[in-house]
**Student:** 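Once you've had a glance at the structure underneath, I'll fire off some questions.
For ligands, and for the atoms within them, numbers begin at 1 and follow the listed sequence. These numbers were taken from a predicted model, which means no experiment stands behind them.
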Amino acid sequence: MSQSPDHDIDVLAGHAARLAGVPLAELFQREPGRIDWLAGTIGPLHVDCAKQPVDAGAWQALLGHVHRLGLEPARAALLGGARVNATEDRPALHALLRTPPDEVPPALRAQGEAIAATLARIDALVSMLRTTPGDHGLPAVADVVSVGIGGSELGPRLACEALAGQAGGPRVHFLANVDGGRLAHACATLDPATAVVVLVSKSFGTQETLLNGRVLRDWLVAALGREAAGRRLFAVTANVPAAQAFGIPADQVLPMWDFVGGRFSLWSAAGLPVALALGMDGFRGLLAGAAQVDRHFRDAPLADNLPVRLALLAWWNRVWLGRGSHCVVPYDDRLAAFPGWLQQLEMESNGKRVTAQGEPVTLPTVPVIWGSVGANAQHAYFQALHQGTDVVPVDFIGVVRPDHDLHGNHQALLANLLAQGAALMAGRDRASARALLAGEADPARRELLAAQTSFPGDRPSNTLLLDRLTPEALGALLALYEHKTFVYALLCGINPFDQWGVELGKSLAAKLAPVLAGGEPGDGLDASTRALAAHVRARFAPPPGRPG
Ligand code: F6P
């Protein structure tokens, strides 16, 4: 392992060229033991990467490269609280949020204490709001409206939806978008006397959250009066003064910190809605599952380290095999929100084109992450995955033991999951397709159909299996992808913890609002956007004489 990372690039290109056109089936023949080094288990989570187009030689080259890039010191810096988010001059301490107090590194004691104190406040709030009736002058809480967007919604909503079957608390409703439809529906259908509103916003400056929050605050005030409304408003934020200015009493504001990025914040007080839905045991289970993966990431040798493996294989597909997108398909309706959560995690983190030092990157960075629940997805876009011209690596996610006893359904679900990975890899050559058409008398038609019914195969996938969908297993799954994202960023040479790319659109939206309202002409906007704004204005305002 003495060569330089630059030299590695040539070596990796050599391996990619050597393996081009080698069928995956042949790799299994040449390397009967590949499952042993390409599959692994952490607690309730099994990860099988054997259907990936690497052999032992390419794999060793990838491992050597990430080692020479400095993964071990980078990982120590991340977990030790170094300011790894250089552009914002902050550490990224999401793993500390789930570290048991007796395992907190001495250098991070102060942050560990702040985290423990906040967890105790979450605990107190959960017992207060889940008790009937509450001790603090609130009647029983039937509904929690959680207002937040991006990282302040995707993770908490995913956890609430995934674990809804184990929840015994109030109903939790998530309001993210500034689209007023859902908000109007919430105001029309919920009872303000038995609802609480939680605004989750690290910055407390996000337009969507503040607009929705104001409407809900006014809804509470109109129904209950200012004082009673105040007791039903909570905030989770790193900007406590802004929350107080909004009208939320300081003792109803739970902290977030600059040392945790929004898309990594599920484990913080941003997870309050999850704790309210599941209770503290469930929330602590989520943290414990993630902590198990944190220990694995910290201690396992690189060759056995599952987040490292996922990152290396994703990078191999993206950079060396030119695959521009990556599909994720959970075979469990409870995980329907997972692809959206992963999109933000990977694409907001690694969708960058300059290095951490500000130089243009020389290799592609993040692929497009997309996907949806299987088996439904099979009946939507799997045609393209099997026979389209682009090769799209897939992560299949399944849950081995269901929480119901319709075992026939569950076996069918898992059979579909396993079948898709197998079919993508094996494909069907033209001769086999022809053989299946032996009953077709017309040779021209047989040839036509053989062309349509053959499959190229050699399409890679990972298979991730959770024993059951428990808080621990979900926590483990999410932490696995968080660490994968960090390692992927190192491979790209970028900072995964900032997100400057979202700012330009936000500032233009702020500029466009008064243009749409009709008060400003839109000087400085391009001609296309100005014309569209004019169209909206004209159609929004009813023509004179007609009712609106
Ligand atoms: O989309 C940009 C972003 O800043 C995300 O990174 C973040 O998760 C989201 O907006 C919400 O931000 P906040 O929690 O500050 O409201």
**Student:** For ligand 1, which atoms have a heavy atom of Q344 less than 4.0 angstrom away?
**Tutor:** 5 (C), 6 (O), 7 (C), 8 (O)
**Student:** Short list, please: which atoms of ligand 1 are under 4.0 Å from a heavy atom of I149?
**Tutor:** 9 (C), 11 (C)
**Student:** Counting heavy atoms only, which part of K506 comes closer than 4.0 Å to ligand 1: side chain, backbone, both or neither?
**Tutor:** side chain
**Student:** Mind checking whether H94 and W257 have ring centres under 6.0 Å apart?
**Tutor:** no
**Student:** Among all protein heavy atoms, pick the one closest to atom 8 (O) of ligand 1 and tell me residue, atom and distance.
**Tutor:** G151 N, 2.7 Å
**Student:** Starting from atom 12 (O) of ligand 1, find the nearest protein heavy-atom neighbour and note its residue, name and distance.
**Tutor:** T206 OG1, 3.5 Å
**Student:** Verify the distance criterion only: is there a donor paired with an acceptor across the side chains of R263 and Q499 at less than 3.5 Å?
**Tutor:** yes
**Student:** Under the side chain to side chain contact (heavy atoms under 4.5 Å, CB included) rule, collect the residues that match up with Q343, sequence neighbours excluded.
**Tutor:** M347, I369, W370
**Student:** Taking the ring of F338 and the ring of Y481, is the distance between their centroids below 6.0 Å?
**Tutor:** yes
**Student:** Please indicate whether any nitrogen or oxygen in E348 is less than 3.5 Å from any nitrogen or oxygen in ligand 1.
**Tutor:** yes
**Student:** Does R295 come within less than 4.0 Å of E103, counting only side-chain N to carboxylate O?
**Tutor:** yes
**Student:** V502 heavy atoms, cut-off 4.0 Å: which ligand 1 atoms fall inside?
**Tutor:** 2 (C)
**Student:** Which donor-acceptor pairs under 3.5 Å do side chains of residues 305-312 form with protein atoms, sequence neighbours excluded?
**Tutor:**
residue: N305; atom: ND2; partner: H296; partner atom: O; Å: 3.4
residue: N305; atom: ND2; partner: F297; partner atom: O; Å: 3.0
residue: N305; atom: ND2; partner: A300; partner atom: O; Å: 3.0
residue: R309; atom: NH1; partner: L38; partner atom: O; Å: 3.4
residue: R309; atom: NH2; partner: W37; partner atom: O; Å: 3.1
residue: R309; atom: NH2; partner: A303; partner atom: O; Å: 2.9

**Student:** Identify, for atom 15 (O) of ligand 1, the protein heavy atom at the shortest distance, and state residue, atom and that distance.
**Tutor:** S203 OG, 2.6 Å
**Student:** Find all atoms of ligand 1 within a distance of less than 4.0 Å from any non-hydrogen atom belonging to G150, and give their numbers and elements.
**Tutor:** 8 (O)
**Student:** Check for me whether R90 meets the cation-pi criterion with F497, that is, NZ or CZ under 6.0 Å from the six-membered ring centre and within 45 degrees of the ring axis.
**Tutor:** no
